[in-house]
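Below is one structure; the comments refer to it alone.
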2 protein chains.
Amino acid sequence: MRTLKYAILGLLNQNDMSGYDMSEAFGETLNEFWHAKHSQIYPELKKLTDEGMVMAEEDETSNRSRKVYHITNKGREDFMAWLGKDEDLPETPKDIFRLRVFFFSRLPMDTRRKLMDSQKLAHELRLRHLESNKQAKGFNQNIPAKDDDAWGDYLVLMSAIMREEMMIDWCNRCLELMK
Amino acid sequence: MRTLKYAILGLLNQNDMSGYDMSEAFGETLNEFWHAKHSQIYPELKKLTDEGMVMAEEDETSNRSRKVYHITNKGREDFMAWLGKDEDLPETPKDIFRLRVFFFSRLPMDTRRKLMDSQKLAHELRLRHLESNKQAKGFNQNIPAKDDDAWGDYLVLMSAIMREEMMIDWCNRCLELMK
DNA sequence: TTACTCATGTAAAGAGTTACATGATTGC
DNA sequence: GCAATCATGTAACTCTTTACATGAGTAA
């Protein structure tokens, strides 16, 4: 499926950037739903260059040695074809914690509670982090325009917040049942 | 991390079963949060046998040639140590659709709407499927006892339902914003 | 000068999917 | 007889992570 390819092309379709910049993008906004290590990004950029999807040039403005990539017309066409394509839902993503919960009946009640409390706390921290991101991006004041690149960012951030709220809600219900 | 190992040990800790039975378990209840193809299960069972975690015997009661596995004491100890261990939250799982939404501003509005409608429908179908599972397992009538293996099944099914409801909710909010 | 960040790469191993391959049993 | 299901396995490939490796600039 080469999804990383499209994640990279999508970023380059918004702005020219280096492999390092992409690692950072995958560590910030996009992080909630996609990520990749630099050891995966650099080889993929090389491959995309060979395929004529992107082009690199040395960044002369920087005093560090960095390669800035930009998307080609071919790359843009390929990306846009992918972007508008309606795909089947993939299998639900794997979740180690919920796998653990599936086997919970074998644990003493206080251990179950401890694990569930810890899980809840972790999601609360994540939620707070997302809320502060939302604040920092000004999404609390105004929603981005529909043709602004930040619009997708907004929807995805909203989704991440809803997911964390749901997880906390579930933890609470489970803790209720453990009383 | 060898999570598949623990998924298998967990299943064998509940009941003796064959590799084929495990594929089926991964396709039913557990499917919402873990799954594996037979091509991954059989080699793992072989490895676990070599490690002394499980033991196989020919099923004489069946007129088909099947190997039934059971967990050893060593396997059970290893599984229980894993089960009670509090691990850090992993990175959020990748989600192709939300990656797509991140780049939505580049698509015409009717395409965005079409993709979002289709996504919503897919989650509605999944939710209905989960609700009928819940009904079939009798979880609407009574909640399993805390020491029953079905207890974990119940919590995990509840979580899957909440996830699908959240996704539908998010789709609705996005569609609202696209008006 | 030392630690940190920026910046780019490769190698090896592990996890997971798809395809290849076989054979017996059951129900129509 | 034929299709579907039961049942087990291997091979090749893709995707992802961890570890190895290097070097230059920046700030204390």
Side-chain angles (χ1 to χ4, degrees), chain A residues 1-8 11 16-28 30-31 33-51 54 56-69 87-96 99, chain B residues 1-9 11 16-28 30-31 33-51 54 56-69 82 87-96 99:
Chain A
M1 279 198 301
R2 300 205 47 200
T3 313
L4 177 59
K5 167 184 164 180
Y6 295 108
I8 287 175
L11 287 176
D16 291 356
M17 61 177 81
S18 68
Y20 190 86
D21 296 332
M22 283 171 206
S23 311
E24 298 222 304
F26 285 133
E28 285 159 26
L30 242 175
N31 182 261
F33 299 108
W34 208 266
H35 51 90
K37 317 268 177 183
H38 75 274
S39 56
Q40 211 185 348
I41 294 170
Y42 291 120
E44 187 65 32
L45 281 170
K46 201 178 175 185
K47 199 173 174 188
L48 289 172
T49 306
D50 293 343
E51 292 170 343
V54 303
E57 47 186 358
E58 275 300 320
D59 182 2
E60 306 295 350
T61 68
S62 167
N63 40 6
R64 292 163 191 275
S65 78
R66 41 180 262 133
K67 283 188 206 169
V68 175
Y69 287 85
E87 278 173 304
D88 286 342
L89 270 198
E91 282 190 281
T92 53
K94 293 178 176 183
D95 184 316
I96 298 183
L99 173 65
Chain B
M1 276 200 303
R2 300 202 51 198
T3 312
L4 177 59
K5 168 184 163 179
Y6 295 107
I8 287 175
L9 289 179
L11 287 176
D16 290 356
M17 61 177 83
S18 68
Y20 190 86
D21 296 332
M22 284 172 206
S23 312
E24 297 222 304
F26 285 134
E28 285 160 24
L30 242 174
N31 182 262
F33 298 109
W34 208 266
H35 50 91
K37 317 268 175 182
H38 75 275
S39 56
Q40 211 184 348
I41 293 171
Y42 291 120
E44 187 66 33
L45 281 170
K46 202 179 175 184
K47 200 174 173 189
L48 289 172
T49 306
D50 293 344
E51 293 170 343
V54 304
E57 45 185 359
E58 275 300 319
D59 183 2
E60 307 295 350
T61 67
S62 168
N63 40 4
R64 291 166 191 274
S65 79
R66 40 181 264 135
K67 282 187 205 168
V68 176
Y69 287 85
W82 170 82
E87 277 173 304
D88 286 341
L89 270 198
E91 282 189 278
T92 52
K94 294 177 176 183
D95 184 316
I96 298 182
L99 173 66

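Regarding B:K5, its NZ atom lies at a distance of 13 Å from the P atom of C:dG14, rounded to whole Å. In this structure, A:Y42 places its OH atom 17 Å from C1' of D:dT18, rounding to the nearest Å. The nearest whole Å value for the distance from the NE2 atom in B:H35 to the P atom in C:dG16 is 8 Å. A straight line from CD1 of B:I96 to C1' of C:dT17 spans 13 Å, rounded to a whole angstrom. Atom pair A:F26:CZ and D:dT16:P shows a separation of 10 Å (rounding to whole Å applied). Between the CG atom of A:D88 and the P atom of C:dT17 there is a distance of 16 Å, rounded to whole Å. Taking atom CE of B:M1 as the reference point, atom P of C:dG16 lies 9 Å away to the nearest angstrom. Atom NZ in B:K47 sits about 16 Å away from atom C1' in D:dT10, given to the nearest Å.
Note on A:N63: every side-chain N or O is 4.0 Å or more away from OP1 and OP2 of C:dC6. Close to D:dC15, at under 4.0 Å from its OP1 or OP2, lies no side-chain N or O of A:K37. For D:dT8, neither phosphate oxygen OP1 nor OP2 lies less than 4.0 angstrom from any side-chain nitrogen or oxygen of B:Y20. Between B:K46 and D:dT8 there is no side-chain N or O to OP1 or OP2 distance below 4.0 Å. Within the 4.0 Å cut-off from OP1 or OP2 of C:dT8, at least one side-chain nitrogen or oxygen of A:S18 is found.
Residue contacts for B:K94: at a heavy-atom cut-off of 4.0 Å it reaches the sugar-phosphate backbone alone, with no base atom in range. Nucleic acid contact class of B:S39 (heavy atoms, under 4.0 Å, all strands): base. Contacts of B:R66 with the nucleic acid, taken as non-hydrogen atoms under 4.0 Å apart, involve only primed sugar atoms and P, OP1 or OP2.
Side-chain contact check for A:Y69 versus A:L45: some heavy-atom pair is nearer than 4.5 Å. At least one side-chain heavy atom of A:R2 sits under 4.5 Å from a side-chain heavy atom of A:L48. Proximity of A:M1 to A:E87: side-chain heavy atoms (C-beta onward) are separated by under 4.5 Å at one or more points. With contacts defined as side-chain heavy-atom distances shorter than 4.5 Å, the pair B:I8/B:M22 qualifies. Two residues are said to be in side-chain contact when any heavy atoms from C-beta on lie closer than 4.5 Å; A:P93 and B:D95 fail this criterion.
Both A:P43 and A:S65 lie close to DNA chain C; mapped to their nearest nucleotides by heavy-atom distance, the more 5′-ward contact belongs to A:S65. Between B:H38 and A:A36, the one whose closest nucleotide on DNA chain D sits nearer the 5' end is B:H38.
Of the candidates C:dA7, C:dC6, C:dA15, the closest approach to any side-chain atom of A:E24 belongs to C:dC6. Counting only heavy atoms from C-beta on, B:Q40 has its side chain closest to C:dT17 among C:dT8, C:dT17, D:dA7. In this structure, the nucleotide among C:dT25, D:dT16, D:dA19 sitting nearest to the side chain of B:R64 is C:dT25. Each of D:dC15, D:dG9, C:dA7 was ranked by its minimum atom distance to the side chain of A:R2; first place goes to D:dC15.
Although no hydrogens or angles enter the test, the distance criterion places no donor-acceptor pair under 3.5 Å between the side chain of A:D59 and the main chain of A:K67.
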